[in-house]
Amino acid sequence: MKSSDCTIRELIQYIYTKNKMRDAQIEAIKIYLFLKIACGNKPLWQLFIEGRFNSLDLCTMELTVEAREILTTNKAAAALLEYSLLKDKNGKQLAPELEKVIKSQREYINYEDVFKKIFYGVNYTDYLFSLPMGAGKTYLMAAFIYLDLYFAQNEPDNPAFAHNFMVLAPSGLKSSIIPSLKNIQEFNPTWIIPEPTASNLRRIIKFEILDEQKSAKKSNLIRNPNAQKINNHQPLEDLMGLVAITNAEKVILDRVDKDEDTNIFDKEELVKIRIANELRDIIGKIPHLAVFIDEVHHAADGEIKLRQVVEEWTKKHSFCGVLGFSGTPYLEKVESVKLTDSFLIKNTDLSNVVYYYPLIKGVGNFLKVPEVKYADNDTETIVKNGVKEFLDKYRNTVYANGTCAKLAIYCGKIETLEELIYPLVTIVVSEYGLNPTEAILKYHGGNKAYPQPEGSETEFASLDTDFSKIRIVLLVQIGKEGWDCKSLTGVILPQKGVCPTNMVLQTSCRCLRQVVKNTDETALIWLNKFNADTLNKQLKQQQNISLQEFNKGKHQKTILVERFSRMEKLKVPPIDFYQLKVSYQTLITEEHPHTNEKLTDENILVEADTTLIHKQDLEGKTLGHYLVETEIGEYISFRQWLYLIAKESFRTLTQESLTKYEDILKYIFDRITVKDETGNTRYDNHYDQDNIRSLIRKAFVPKRDFSVKEEVVPCEASLLQIEKLVSPIAVQGDKPFFPSQDTVKTIVDWDANAQNNILSPEELALIEKMKKLGYPIPEPTDPHPERKQTYHYLPYRFDSGLEREFFKDSVLPILKEYKSKLEVYFNGDDTLTDFKIDCYKQTGKERIYIGKYVPDFLLLSRKDDGTIQQIIIVETKGEGFAAKFADRRQFMETEFIRKNNERFGYERFRFLYLEDTLTKEEREKKTIKAIKEFFNI
């Protein structure tokens with residue numbers, strides 16, 4: 001995010017400014033785009049063996065010669081060593097025995113094979129995002145879908161970005177999960193992508209809910225109605241924007257192999273298998289497909305089969321990968337990976353988690369703050385005490401959306417609900433003056449003795465509406481997971497078995513979803529001793545916290561960082577400067593393109609570069625030469641190829657233009673492709689496909705040449721684009737923002753002469769009396785006198801600790817020394833400033849544009865009329881980023897400064913570079929020296 005290579009900073013800033021996504025979702029988006037863009041959407045095992053995340057300094061470690069050689073050359077070995085050295089929150093090393101094995105190198109270790117096994121041996125991308133209940137996983141899925149489509153529109157051939165999406169819900173939760181997944185349709189893409197792009201993307205999305213249970217009638221071709229829904233989107237090879245939602249069971253059956261003996265199945269079972277195969281086959285034809293699995297831990301039973309299915313899909317087309325989503329990414333039993341004959345790596349977590357947001361971090365943020373109570377009493381006593389406490393605290397609670405607070409009591413059995421809990425709750429509710437028939441909902445599936453209560457399903461579905469008057473919900477085998485009722489404010493688990501033991505944590509937390517964003521909401525959880533012990537155990541295993549920490553824990557709140565412009569107050573003038581502009585003029589050197597001649601020229605069939613391998617013995621004697629065999633490439637159809645040629649022209653070449661020369665183009669296509677054993681067309685990699693498509697496009701335009709023109713043009717830039725100064729969300733006390741919100745409000749109050757309002761009425765009366773008597777009135781002491789020399793907007797946001805340290809500890813003290821003679825402004829937020837300088841690098845006789853330079857700080861002095869006299873451009877840069885900006889820094893230090901000072905006729909600009917290799921004292925000394933020399937003070 002801080003590097004010059006980052007291409008998504010403005011997009012992330014836009015998401016922050018829209019203030020619609022939660023911090024958990026935004027951080028997940030950052031990781032997602034990092035893996036897509038910086039890491040190329042590669043499988044995790046490949047990223048680790050390539051050393052993509054390695055940061056270990058081997059020079060400082062005690063190692064044997066053999067171990068040092070292996071760890072230096074084998075990036076996978078270094079990655080596993082770095083993992084072993086990680087520490088938990090208590091400072092305890094994660095895997096000291098693993099460290100010993102790697103360092104000793106007692107046995108040969110195949111690190112590549114180890115990493116493949118750790119990440120389940122799949123060859124496709126498989127990432128898992130772990131967010132707790134209430135964090136908005138469904139909206140995050142929608143965000144990923146729109147982001148992929150956004151980048152796919154810009155880079156249609158980039159295999160990292162999906163064009164189509166399949167969302168799989170676990171079969172056991174089809175009644176509760178699939179309806180929530182339909183919320184993807186309600187997601188507003190403007191929350192993450194600006195207009196008009198967002199609306200354009202929304203128009204291309206096509207939703208299909210694959211929930212049909214019966215096969216289509218009178219159809220010999222398509223027996224599966226869900227497969228028919230996909231098949232309606234023809235041609236599939238050009239499909240973009242399909243979002244299909246179904247259950248995992250629709251694509252995973254107990255028997256998935258087509259080659260099995262069909263005689264062992266009855267007719268009905270055989271039809272089911274064929275219908276499932278039909279859906280899998282047509283899904284396999286969808287291009288650039290990404291598969292999303294919601295509540296991925298439920299797919300564990302079918303995990304191996306799902307991977308088999310996905311592996312088949314990857315063989316057929318440009319498959320993009322699998323994304324899993326889960327609040328509980330933990331294994332019921334330990335998984336082991338063999339490192340050596342005597343050493344196993346054991347794991348209880350799903351290993352492909354790329355982003356983890358802990359439950360405790362959501363408490364008080366986007367979740368209610370729970371109060372957990374438990375007692376070693378009988379069921380009746382726990383229920384009675386729990387209901388009474390709930391009504392004492394929340395009887396009159398009505399949330400801002402009109403919903404009233406509700407309590408869920410899990411009963412285990414229908415008989416327990418009907419014969420014990422309901423009569424007891426009826427008595428308690430009546431004591432509080434509530435009508436039991438209006439206030440209590442019984443919801444269960446019914447049995448012979450007690451049928452399902454009439455209308456209960458409708459009542460349950462409408463609990464989270466402002467017209468529902470239900471206060472107590474009695475449940476049997478319902479609402480343990482996937483139940484999204486934000487007005488649920490309390491849960492009672494009064495005995496063992498009211499929910500599965502492994503789901504006590506999920507069930508207890510049903511009441512934690514926040515109703516109103518960024519508000520202080522609380523919840524009540526009552527448990528018996530067994531469930532309390534189970535909850536404590538699961539919190540330790542899954543969240544690394546205790547029940548005590550969960551009970552009193554409250555995450556730091558996120559706040560809206562209020563921002564204010566002070567441009568008018570300080571009368572900050574625009575920066576006038578001279579900018580180098582390099583323009584290229586196109587010169588057409590022929591009147592007609594001669595398309596037919598160029599397309600029929602055999603030279604258009606450019607062959608790919610071949611690799612020649614030389615073979616020799618140990619004495620250097622040549623034994624022979626041979627060419628590397630080139631495999632056939634990816635699938636491509638003629639229409640898809642034409643579409644690709646047009647698309648790569650950036651709309652300068654139309655499909656209609658290509659159609660006029662279809663016969664010639666079909667001849668070229670047949671020459672550069674081959675048919676595989678299945679009869680499908682693939683690229684022939686003996687040909688340079690990219691170059692050939694480029695030559696085809698060139699055949700449609702006259703030959704051109706370019707002339708280069710350089711000029712120095714006057715520019716004017718504002719230090720603040722006020723319309724972009726919006727209030728972002730941040731964690732309270734977030735260090736990047738400076739000064740604090742309290743200081744910001746004090747400065748804004750003083751700007752408005754609010755110090756008079758700070759004084760009491762008695763003090764103001766005394767001051768008026770002193771004025772009348774002619775006594776001098778002392779000026780109130782300004783708590784922040786630096787406000788007159790800085791802060792053209794409040795607060796600043798520093799991306800690095802070096803920027804913050806320089807401003808807070810170096811510049812502010814200097815301002816006090818040079819009152820009214822010097823001003824300093826932070827310019828490093830490229831989303832807010834207009835003062836950006838185009839930089840060029842001289843290569844031979846040509847200039848190459850290398851990007852924009854955004855100065856970090858401006859130290860300036862003014863003339864008597866308020867206009868700017870002189871400016872020191874200050875750049876603070878960490879050592880790790882210095883090399884990346886070296887070309888731009890050189891341009892600034894030489895050409896920009898020289899050209900501007902020549903144009904102004906005096907030393908108008910100076911460049912001051914401060915790297916973190918200098919000590920704090922050295923940076924201060926260098927800064928003060930530059931100020932004294934440059935400003936002559």
Note, Phe896 side chain near Ile873 side chain (heavy atom, < 4.5 Å): yes
Pair Asp742-Ser740, side-chain donor/acceptor within less than 3.5 Å: no
Side chains of Asp856 and Asn827, donor plus acceptor under 3.5 Å: no
Side-chain heavy-atom pair Phe835, Val854 within 4.5 angstrom cut-off: no
Donor on one side chain, acceptor on other, Tyr853 and Glu875, under 3.5 Å: yes
Parallel, tilted or perpendicular: ring planes of Tyr139 versus Phe187, cut at 30 and 60 degrees: perpendicular
Side-chain heavy-atom pair Phe904, Tyr578 within 4.5 angstrom cut-off: yes
For Ser55, all residues meeting side-chain contact (heavy atoms from CB on, under 4.5 Å), sequence neighbours excluded: Glu82
Any Ile868 side-chain heavy atom under 4.5 Å of Ile575 side chain: yes
Any Pro714 side-chain heavy atom under 4.5 Å of Phe577 side chain: no
With Arg563 via side chain to side chain donor-acceptor pair (under 3.5 Å) - residues at least two apart: none
Criterion salt bridge (charged side-chain N to carboxylate O under 4.0 Å, His left out) against Glu710, the qualifying member of Arg847, Lys899, Lys581: Arg847
Over 12 non-hydrogen atoms of neighbours within 6.0 angstrom of NZ in Lys30: yes
Pair Arg908-Gln870, side-chain donor/acceptor within less than 3.5 Å: no
Min side-chain heavy-atom separation Tyr357-Asp23 under 4.5 Å: yes
Which pairs would a plain distance check flag for residues 141-151, meaning a side-chain donor or acceptor within less than 3.5 Å of a matching protein atom at least two apart in sequence or in another chain?
{"from": "Asp148", "atom 1": "OD1", "to": "Tyr32", "atom 2": "OH", "distance (Å)": "2.5"}
{"from": "Asp148", "atom 1": "OD2", "to": "Lys36", "atom 2": "NZ", "distance (Å)": "3.0"}
{"from": "Asp148", "atom 1": "OD2", "to": "Ala162", "atom 2": "N", "distance (Å)": "2.7"}

Thr790 versus Glu786, side-chain donor and acceptor atoms under 3.5 Å: no
Any Pro739 side-chain heavy atom under 4.5 Å of Thr746 side chain: no
Donor-acceptor pair between Gln842 and Tyr840 side chains, under 3.5 angstrom: no
Qualifying residue for ring-ring contact (aromatic ring centres under 6.0 Å, His included) with Tyr796, from Phe738, Phe826, Phe806, Phe857: Phe826
